[in-house]
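Structure first, then comments.
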Protein chains: 2
Amino acid sequence: MKVSTRGEYALRALILLGQHPNVIPIAEISEKTLVPVNYLEQILLQLKHLGYVKSKRGIRGGYILRKSPEQIVIGQVIRQLEGPLAPMGCVSVTAYDPCPLEEKCLLKPLWTLIRDTVSQLLENTTLNDLLEDQISIPEGSMKLK
Amino acid sequence: MKVSTRGEYALRALILLGQHPNVIPIAEISEKTLVPVNYLEQILLQLKHLGYVKSKRGIRGGYILRKSPEQIVIGQVIRQLEGPLAPMGCVSVTAYDPCPLEEKCLLKPLWTLIRDTVSQLLENTTLNDLLEDQISIPEGSMKLK
DNA sequence: GATAATCTTTAGCATATTAGTCAACTTTTT
DNA sequence: AAAAAGTTGACTAATATGCTAAAGATTATC
């Protein structure tokens with residue numbers, strides 16, 4: 001049930017960019033986020049292609065947010081960087097992968113519930129929520145049965 | 001955010017065993033769950049060492065549940081078979097792994113929330129719940145802010 | 001007690017993923 | 001022109017995953 005470094009690193013970079021309105025060179029992002037420069041380049045490039053950031057070349061170049069923090073949905077970033085949020089292919093909406101057992105599978109409801117829960121959580125969190133440190137425990141939290 | 005086949009297969013086997021009160025040979029479990037025999041042997045062995053099942057050797061041998069379905073907590077099975085439920089080491093209770101950013105990390109609250117949510121879900125589901133197909137969407141579902 | 005079914009255990013392998021490095025190249029600014 | 005900075009792609013090392021092979025140990029039944 002892990003999130004890979006790629007997603008984590010991307011979010012770190014986005015947070016840093018969200019905290020500063022100006023262009024920041026990769027080297028500085030790397031320092032502040034503790035992500036190796038060369039690896040970070042790949043990730044920033046991908047974020048650029050996805051439209052989250054834009055880059056400026058040359059002597060005072062670097063990266064800057066393209067979308068506003070309210071428009072950047074964490075769930076989407078993670079999905080785009082490291083694949084479906086679903087724990088199993090059989091319950092993935094973005095990468096459905098059928099399974100021969102499916103019909104009478106007693107596990108599917110559980111995987112579905114997990115998928116829905118995690119998805120709901122991440123789809124309703126934006127970069128802005130993170131920046132404002134507004135993540136909190138939902139009120140009437142999870143109850144089964 | 002994937003669950004590996006190992007956890008999935010273990011649960012499939014436990015479900016099958018939970019559905020039958022008698023000893024079932026590996027070959028039959030393999031057929032019914034669609035898991036390769038040799039791989040299944042490893043997994044059942046691990047489940048045996050963990051105390052979930054017991055085995056009977058010889059000509060009418062096979063596997064049978066050791067604990068009752070109510071006592072088998074899905075979250076624990078998954079954790080024991082494939083490691084911590086937490087999405088990141090920095091928020092894992094069973095395998096905490098510090099991170100230099102931690103203090104001012106704006107991501108940690110999010111990871112914590114995910115960990116707590118998934119954990120709560122899986123820790124409150126037993127094999128019995130699966131057998132009775134009683135997994136359902138929690139009432140006052142997730143709300144952020 | 002032989003034997004056949006079954007469990008037990010170890011070793012190994014192929015593939016995929018992850019994390020990261022390196023180096024050459026292009027663009028832009030000064 | 002030169003320097004700073006982004007762009008790109010190839011390449012590597014480590015690890016995890018999914019699975020196979022095979023030899024050995026145990027036990028129920030005849």
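Just so it is clear: chains get the letters A, B, ... in the order the sequence lines come, proteins before strands, and each one is counted from 1. Just so we're clear, the structure is a prediction, and the values are computed from it rather than from any experiment. The basis for the numbers below is simple: all heavy atoms, side chains too, and nothing from hydrogens, waters or symmetry mates.
Checked against side chain to side chain contact (heavy atoms under 4.5 Å, CB included), A:S92 has the following partners two or more places apart in sequence or in another chain: A:P84, A:A86, A:T94, A:A95. When the salt bridge (Lys or Arg N to Asp or Glu O under 4.0 Å) test is applied to A:E123, the partners found at least two apart in sequence or on another chain are A:R79. For B:R115, there are no salt bridge (Lys or Arg N to Asp or Glu O under 4.0 Å) partners at least two apart in sequence or on another chain. Partners of B:Q42 according to the side chain to side chain contact (heavy atoms under 4.5 Å, CB included) rule, which considers only residues two or more places apart in sequence or in another chain, are B:R6, B:Y39. With sequence neighbours excluded, no residue forms a ring pair (Phe, Tyr, Trp, His ring centres under 6.0 Å) with B:Y96. In this structure B:K108 satisfies the salt bridge (Lys or Arg N to Asp or Glu O under 4.0 Å) test together with B:E102, sequence neighbours excluded.
An OP1 or OP2 oxygen of D:dA16 is reached within less than 4.0 angstrom by no side-chain nitrogen or oxygen of B:S4. Contact check, A:H49 against D:dG6: no side-chain N or O comes under 4.0 Å of OP1 or OP2.
No option in A:I43, A:T33, A:I29, A:L81 other than A:I43 meets the side chain to side chain contact (heavy atoms under 4.5 Å, CB included) test with A:Y9.
Along DNA chain C, the nucleotide closest to B:I24 and the one closest to A:V3 are compared, and the more 5′ of them pairs with B:I24.
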Which side-chain N or O atoms in residues 21-28 of chain B pair as donor and acceptor under 3.5 Å with protein atoms at least two apart or in another chain?
{"from": "B:E28", "atom 1": "OE2", "to": "B:K32", "atom 2": "NZ", "distance (Å)": "2.9"}

Side chains of residues 65-75 of chain A: which donor-acceptor partners sit under 3.5 Å, not counting sequence neighbours?
{"from": "A:S68", "atom 1": "OG", "to": "A:E70", "atom 2": "OE1", "distance (Å)": "3.0"}
{"from": "A:S68", "atom 1": "OG", "to": "A:Q71", "atom 2": "OE1", "distance (Å)": "3.3"}
{"from": "A:Q71", "atom 1": "OE1", "to": "A:S68", "atom 2": "N", "distance (Å)": "3.2"}

Using a cut-off of under 3.5 Å, enumerate the N/O to N/O pairs linking the protein to nucleotides 19-21 of chain D.
{"from": "D:dC19", "atom 1": "OP2", "to": "B:Y9", "atom 2": "OH", "distance (Å)": "3.3"}
{"from": "D:dT20", "atom 1": "O4", "to": "B:Q42", "atom 2": "NE2", "distance (Å)": "2.8"}

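Within residues 58-67 of chain A, the residues having any heavy atom closer than 4.0 Å to DNA chain C are, in order of number, A:G58, A:I59. Annotation: proximity of residues 76-86 of chain B to DNA chain C (heavy atom, distance under 4.0 Å) is found for no residue.
With a heavy-atom cut-off of 4.0 Å to chain A, the contacted part of DNA chain C has its first and last nucleotide at C:dA19 to C:dT30.
Closest of all the heavy-atom pairs between A:I114 and A:P87 is CG2-CG, 4.0 Å. Across B:K48 and B:S55, no two heavy atoms sit closer than the pair NZ-OG, 3.1 Å. Scanning both residues, A:L85 and A:L122, for their nearest heavy atoms gives CD2-CD1, 3.9 Å.
The distance from atom CD1 of A:I29 to atom C1' of D:dG6 is 11 Å, rounded to the nearest whole Å. When the P atom of D:dT27 is taken as reference, atom CD1 of B:I26 falls 15 Å away, rounded to whole Å. D:dT7 atom P lies 14 Å from atom CD1 of A:I43, rounded to whole Å. Here the P atom of nucleotide D:dT7 and the NZ atom of A:K56 are 12 Å apart, to the nearest Å.
Here the side chain of A:Q80 pairs no donor or acceptor atom with the backbone of A:L50 at under 3.5 angstrom.
Heavy atoms of A:K48 sit under 4.0 angstrom from primed sugar atoms or phosphate atoms, though from no base atom.
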